Amino acid sequence: MKDRLSRLNQYRVMWVMVFFDLPTETKVERSAATRFRKSLLDDGFGMFQFSIYTRFCASRENMQVHINRVQKSLPKKGKVGIMQITDKQFGMIELFHGKKEADMEPPSQQLELF
């Protein structure tokens, strides 16, 4: 029974990935890009790669709250994508450094107070 619940939770628990390509040619554009990146960090996102940030969410409802926050902080210029994946899918990501497969760092624990 416990194995069954663990398996189900891997499909209920979600990850939000935010991909962005923002212009940084002028001081105003750099400032907007920095504000957007800082808003992601303030909302509990962590850098996965340059311009790719991820956040663990305990449920789909919690995930939607964070997606709404990202949408409210979108800069006027540039491209931003938001992807939603299950914990199971996130766990199947293969990471490589050069040609050597890299160990995936365990996700940091996110403390949420309601």
Side-chain angles (χ1 to χ4, degrees):
M1 179 72 170
K2 183 178 178 184
D3 183 47
R4 180 173 171 240
L5 291 176
S6 173
R7 200 167 12 106
L8 292 175
N9 286 340
Q10 291 176 340
Y11 296 99
R12 178 160 168 70
V13 173
M14 302 294 293
W15 286 86
V16 178
M17 300 182 84
V18 177
F19 310 86
F20 57 92
D21 186 14
L22 304 177
T24 57
E25 294 178 9
T26 68
K27 187 173 183 176
V28 172
E29 290 172 342
R30 283 190 298 275
S31 178
T34 299
R35 271 194 313 276
F36 180 69
R37 184 182 160 282
K38 186 166 177 5
S39 72
L40 292 174
L41 294 171
D42 289 345
D43 194 29
F45 283 82
M47 187 169 71
F48 186 76
Q49 288 185 352
F50 295 122
S51 299
I52 301 175
Y53 284 71
T54 59
R55 188 183 197 295
F56 173 84
C57 297
S59 67
R60 291 183 186 273
E61 295 80 13
N62 179 252
M63 175 190 63
Q64 193 58 53
V65 168
H66 295 289
I67 289 173
N68 292 343
R69 288 182 186 161
V70 171
Q71 290 173 340
K72 286 179 183 175
S73 65
L74 291 174
K76 292 180 182 178
K77 295 181 180 180
K79 296 179 183 178
V80 177
I82 301 172
M83 181 187 302
Q84 309 161 25
I85 61 174
T86 65
D87 191 47
K88 180 71 171 176
Q89 292 167 323
F90 189 82
M92 293 188 298
I93 293 175
E94 294 184 43
L95 296 175
F96 297 89
H97 293 277
K99 293 185 178 184
K100 181 180 176 186
E101 187 168 3
D103 293 330
M104 192 167 186
E105 291 183 23
S108 60
Q109 288 291 0
Q110 181 72 32
L111 177 62
E112 293 191 29
L113 302 174
F114 297 93

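One is the number of the first residue; the rest follow in order along the sequence. Everything quoted here is computed from the prediction, not taken from an experiment.
Taking the salt bridge (charged side-chain N to carboxylate O under 4.0 Å, His left out) definition, one finds that Arg69 meets it with Asp43, sequence neighbours left out. For Glu61, the side-chain hydrogen bond (donor to acceptor under 3.5 Å, both in side chains) test picks out Ser59, with sequence neighbours left out. With sequence neighbours excluded, no residue forms a side-chain hydrogen bond (donor to acceptor under 3.5 Å, both in side chains) with Glu29. Remark: Arg35 engages Ser31 in a side-chain hydrogen bond (donor to acceptor under 3.5 Å, both in side chains) (not counting sequence neighbours). Gln49 meets the side chain to side chain contact (heavy atoms under 4.5 Å, CB included) test with Ile52; sequence neighbours excluded. Scored by the ring-ring contact (aromatic ring centres under 6.0 Å, His included) test, Phe45 finds no partners at all (sequence neighbours excluded).
Evaluated for a side chain to side chain contact (heavy atoms under 4.5 Å, CB included) with His66, the options Asn68, Asn62, Val70 yield exactly one hit, Asn62. Looking at Met14, Met92, Arg12 one by one, the single match for side chain to side chain contact (heavy atoms under 4.5 Å, CB included) with Thr86 turns out to be Met14.
Between Leu22 and Val80, the closest side-chain pair of non-hydrogen atoms falls below 4.5 Å. Gln84 has its side chain within reach of Ile67: a pair of non-hydrogen atoms, C-beta onward, lies under 4.5 Å apart.
Within the structure, every pair that satisfies the ring pair (Phe, Tyr, Trp, His ring centres under 6.0 Å) test and touches residues 20-44, not counting sequence neighbours, is listed here: Phe20-Phe36, Phe20-Tyr53. Residue pairs meeting the salt bridge (Lys or Arg N to Asp or Glu O under 4.0 Å) criterion with at least one member in residues 17-27: none, sequence neighbours excluded. The list of side-chain hydrogen bond (donor to acceptor under 3.5 Å, both in side chains) pairs with a residue in residues 71-82, not counting sequence neighbours, reads Ser39-Ser73.
Among all heavy-atom pairs drawn from Ala33 and Pro23, the shortest one is CB-O, 4.4 Å.
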